[in-house]
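This is a predicted model, so every value here is computed, not measured.
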Amino acid sequence: MRYNSKYSIPLVLFLIFCSIQLMAQSISDYNIVWNTQSKNSSESMPCGGGDIGMNVWVENGDILFYFSRSGTFDENNTLLKLGRIRIRLTPNPFDGGEFSQELKLEEGHIIIKGKNKAVSSDIHIWADVFNPIINVDISNNQNLKTEVFYENWRYQDRLLRKNESNQNSYKWAAPKDLVTNKDEILFDRNTIVFYHRNSAETAFDATVKQQGLDAVKSQIFNPLENLTFGGVITAKEYKANSISDGIYADTDYKAWKLESERPLKNSQIKIQLYTAQTVDIADWKSALDKPAISDLKKNAAWWKEFWNRSFIHIQSDKKDDKGFEIARNYQLFRYMLGCNAYGQYPTKFNGGLFTYDPVHTDSTLNFTPDFRKWGGGTHTAQNQRLVYFPMLKSGDTDMMKPQFDFYNRILPTAELRSKTYWEHGGACFTEQIENFGLPNPSEYGWKRPESYDKGMEYNAWLEYQWDTALEFCFMILEKQRYTGKDISEYIPLIKSTLRFFDEHYQYLARQRGRKTLDEQEKLVLYPGSACETYKMAYNATSTIAALQTVSSRLLELSEIQSDTVTRNYFTEFLNRIPEIHTREIDGHTTISPAWLWERVNNVETPQLYPVFPWGIYGVAKPNLDIAMNTWKYDKDVIKFRSHVGWKQDAIWAARLGLIDEAKDLLIKKLESAETRFPAFWGPGYDWTPDHNWGGSGMIALQEMLLQTDGKKIFLLPAWDKSWNVHFKLHAPYNTTIECKLENGEIMLLKVTPECRRKDIILM
């Protein structure tokens with residue numbers, strides 16, 4: 001592959017870079033506008049902010065939205081929705097005539113307009129980024145009667161039917177007669193108060209008992225105990241009216257109605273939310289007596305700053321071009337991630353805050369709106385990582401905190417597992433991990449041999465898969481490298497996650513024989529797992545690459561360099577990590593998924609993990625031909641290749657500089673979904689909207705435009721120059737790159753700070 005340094009860029013072009021001032025295409029060009037009402041909730045539009053998500057649609061003249069919030073886990077560890085709102089105006093401006101519903105990205109809001117003969121109305125729906133408040137601002141051209149219905153399907157205990165517990169921690173192995181406990185809903189003067197309070201016994205208690213940890217139960221983080229979540233609906237000049245029944249999408253519900261005391265021209269509806277673990281419910285209720293005030297200007301400023309951080313515009317003047325569609329969907333999905341910027345918990349890969357009635361995703365699953373596959377409080381690291389990696393280049397590193405804190409909170413539990421089960425140190429994080437730090441109980445196995453190691457998941461897919469937490473350790477280190485921000489609170493997490501592999505694999509070696517290392521004084525990573533695919537692996541490539549990269553990067557930190565004992569330990573540990581093996585396929589040297597393995601159990605491609613995320617092979621790096629051969633000749637790599645769901649082939653193609661392959665896979669990955677809203681991809685391998693589908697697409701597009709290696713910045717390393725593009729992305733060391741390519745020529749290159757221009761390599 002040929003590439004040139006910045007010194008080959010003509011001086012004239014360099015002067016053009018300095019003199020041209022071009023404005024970025026407006027984010028409003030990507031607003032979604034619908035001119036017809038929706039058939040059902042599957043044709044909803046996402047809206048949110050802070051840690052709130054809404055699905056908004058208009059159906060049969062009624063404005064409806066589901067609303068959700070990060071961290072609302074019930075007794076069974078389902079991520080419950082908080083309810084559904086229905087708004088009805090009389091006379092109804094949405095009953096025929098003119099209609100529009102617009103997602104205004106630049107403000108993070110939805111505007112709904114209707115006109116029916118002489119009656120018109122504008123509805124403004126938005127979530128406060130800084131306070132847990134949903135605002136609905138109604139403006140009519142004349143006085144109209146307004147009815148607001150709070151609809152809740154958990155007005156009574158609901159028996160969970162066959163397969164319905166896939167929404168919670170019990171999955172396919174739910175206890176007999178398991179129920180979702182009812183909410184409390186009441187009129188309080190002229191407001192509606194609603195909340196769910198977890199009962200004394202939860203999935204946490206069942207999991208601790210199952211995994212033999214009752215003796216240390218008090219030391220385990222418990223996010224479900226006394227958890228209460230809900231809120232209050234208020235509207236000035238409205239009164240409590242009635243309670244009614246209904247059915248929506250096969251689910252029965254009750255509706256509590258507020259009604260305007262008289263016809264109004266303008267009104268404001270507020271839903272103030274609150275989530276807390278309180279011993280006394282009175283403490284939770286008292287918090288709602290302190291109403292917060294939303295500042296629209298402050299919120300607008302936040303969204304403006306969000307969109308100014310980064311952007312990618314493709315074929316801006318050709319709105320019917322596939323490139324424009326890809327860029328639009330990139331922005332739409334980034335907006336969806338921005339709606340949980342400051343959540344207590346990370347954005348779930350299996351729908352985030354924007355799931356809707358499951359019957360519209362799978363007609364056989366006529367469950368409540370709370371349903372999603374792969375659980376609510378259960379986190380699958382292999383999927384979650386794809387939601388958070390793109391935030392580095394998009395400049396959204398502040399939004400990574402919920403994911404980092406997820407692991408930091410459960411670090412003591414992961415260390416407790418190692419100590420209790422094996423009497424050694426280090427943090428044991430499993431795949432399919434609960435929000436309290438233990439393996440998912442059904443993946444762990446309810447029917448397991450009594451003598452089987454209690455620290456292990458009795459599971460053909462997950463056994464010995466310990467390494468997925470290392471990708472979040474890497475993201476933490478990357479955040480520090482990109483921004484220079486202090487990461488000291490997470491250094492114990494990184495150290496302990498690495499230490500587990502050192503201590504546990506020496507522990508396992510002692511069970512087998514006298515020596516704890518091989519004849520080269522290297523660790524023997526056996527039994528291991530190369531992703532969920534190559535099982536009972538000996539020295540899995542994905543694990544080796546992770547350990548090499550994270551330990552090397554940890555050693556670069558000044559905090560580690562200044563601590564002699566810690567520096568020496570991790571230097572010695574790095575030297576104990578085995579090397580990645582290659583193998584010959586049809587005369588070509590390729591990366592092997594492991595030194596040895598016993599079976600293939602899934603369709604992941606760990607032999608390309610050294611390309612992404614670990615960056616050992618790639619554009620302008622040594623032995624690129626070996627990685628290329630792996631892409632071209634490894635029969636499993638070819639067989640597993642796809643754009644669906646969490647598949648990463650578009651990312652690998654970009655990292656290898658394969659322009660045509662990357663573009664083809666990217667188009668399949670980020671073209672509009674079959675749903676009405678273009679970025680509600682899925683279900684893929686998971687659920688709709690599939691957030692690891694969108695996240696992997698974001699990463700691929702970013703990598704096609706910009707890659708880095710140390711201080712080197714590779715510009716357009718896998719870009720088809722027949723596509724015009726204007727982008728602003730982030731690079732390590734507080735660097736931003738803004739570039740505009742038109743007709744194959746670079747028309748603008750702005751590097752901040754300017755001193756980093758010398759590190760640009762134009763591919």
Side-chain angles (χ1 to χ4, degrees), residues 204 207-221 381 407-434 436-441 443-446 448-470 472-473 492-518 521-530 532 535-540 542-544 546-547 550-551 566 569-570 572-573 576-578 598:
F204 170 86
T207 306
V208 169
K209 182 177 181 180
Q210 176 207 38
Q211 298 177 18
L213 296 170
D214 275 328
V216 293
K217 185 176 182 179
S218 63
Q219 300 176 52
I220 301 174
F221 170 63
Y407 277 96
N408 228 20
R409 277 194 299 266
I410 59 177
L411 172 60
T413 300
E415 292 177 331
L416 188 63
R417 293 187 78 250
S418 297
K419 187 67 175 175
T420 302
Y421 295 134
W422 306 302
E423 297 185 341
H424 64 63
C428 178
F429 293 105
T430 63
E431 185 73 338
Q432 295 280 339
I433 198 167
E434 296 298 293
F436 41 83
L438 299 181
N440 173 264
E443 304 285 359
Y444 178 84
W446 292 98
R448 44 191 287 140
E450 185 63 32
S451 60
Y452 195 73
D453 186 338
K454 282 195 172 294
M456 289 286 300
E457 291 170 284
Y458 190 61
N459 185 296
W461 284 263
L462 302 179
E463 60 189 8
Y464 298 103
Q465 189 171 10
W466 320 111
D467 60 12
T468 49
L470 288 166
F472 299 99
C473 295
L493 167 66
I494 300 170
K495 293 194 298 184
S496 192
T497 305
L498 289 169
R499 185 180 289 273
F500 168 78
F501 288 86
D502 195 21
E503 299 206 16
H504 190 66
Y505 279 100
Q506 292 195 56
Y507 161 83
L508 290 177
R510 283 192 294 272
Q511 312 307 304
R512 297 192 299 267
R514 179 68 181 84
K515 297 288 187 179
T516 59
L517 303 174
D518 69 10
E521 296 299 307
K522 303 287 188 181
L523 290 167
V524 178
L525 303 175
Y526 176 83
S529 185
E532 294 181 22
K535 303 303 295 185
M536 299 301 289
Y538 186 103
N539 289 344
S542 49
T543 305
I544 293 169
L547 294 173
V550 175
S551 56
T566 302
Y569 170 77
F570 283 104
E572 293 168 1
F573 171 66
R576 284 195 289 274
I577 300 170
E598 292 183 4

Original post:
Between Phe573 and Leu498, is any pair of side-chain heavy atoms under 4.5 Å apart?
Top reply: yes
Original post:
Hey, does Thr207 have a side-chain heavy atom less than 4.5 Å from the side chain of Phe436?
Top reply: yes
**OP:** State whether Tyr505 and Arg510 meet the cation-pi test: NZ (Lys) or CZ (Arg) under 6.0 Å from the six-membered ring centroid, and within 45° of the perpendicular axis.
**Re:** no
Original post:
Would a 4.5 Å heavy-atom cut-off, applied to side chains only, mark Leu213 and Tyr421 as touching?
Top reply: yes
Subject >> Pairwise side-chain contact, Leu523 with Thr516, heavy-atom cut-off 4.5 Å (strictly under) >> reply: no
Subject >> Residue pairs passing the salt bridge (Lys or Arg N to Asp or Glu O under 4.0 Å) test where at least one lies in residues 411-427, sequence neighbours excluded >> reply: none
Original post:
Side-chain contact, heavy-atom cut-off 4.5 Å: Tyr458 with Pro449?
Top reply: yes
Subject >> For the student: nearest non-hydrogen atoms of Ser542 and Ala530, plus distance >> reply: OG-CA, 3.5 Å
Subject >> Contact summary for Asn408 and Pro412, nearest pair of heavy atoms >> reply: O-CD, 3.9 Å
Original post:
Has Lys217 got more than 12 heavy atoms of other residues, nucleotides or ligands less than 6.0 Å from its NZ?
Top reply: yes
Subject >> Cation-pi geometry met for Arg448 and Tyr444 (6.0 Å, 45°) >> reply: yes
**OP:** Please confirm whether Phe501 and Trp466 have ring centers closer than 6.0 angstrom.
**Re:** no
Original post:
Is the closest side-chain heavy-atom distance between Met536 and Ser529 below 4.5 Å?
Top reply: no
**OP:** Report yes if some heavy atom in the side chain of Val208 is under 4.5 Å from a heavy atom in the side chain of Leu438; otherwise report no.
**Re:** yes
Original post:
Tyr464: what forms a ring pair (Phe, Tyr, Trp, His ring centres under 6.0 Å) with it, not counting sequence neighbours?
Top reply: none
Original post:
Can you check whether Cys428 reaches Trp422 side chain to side chain, under 4.5 Å on heavy atoms?
Top reply: yes
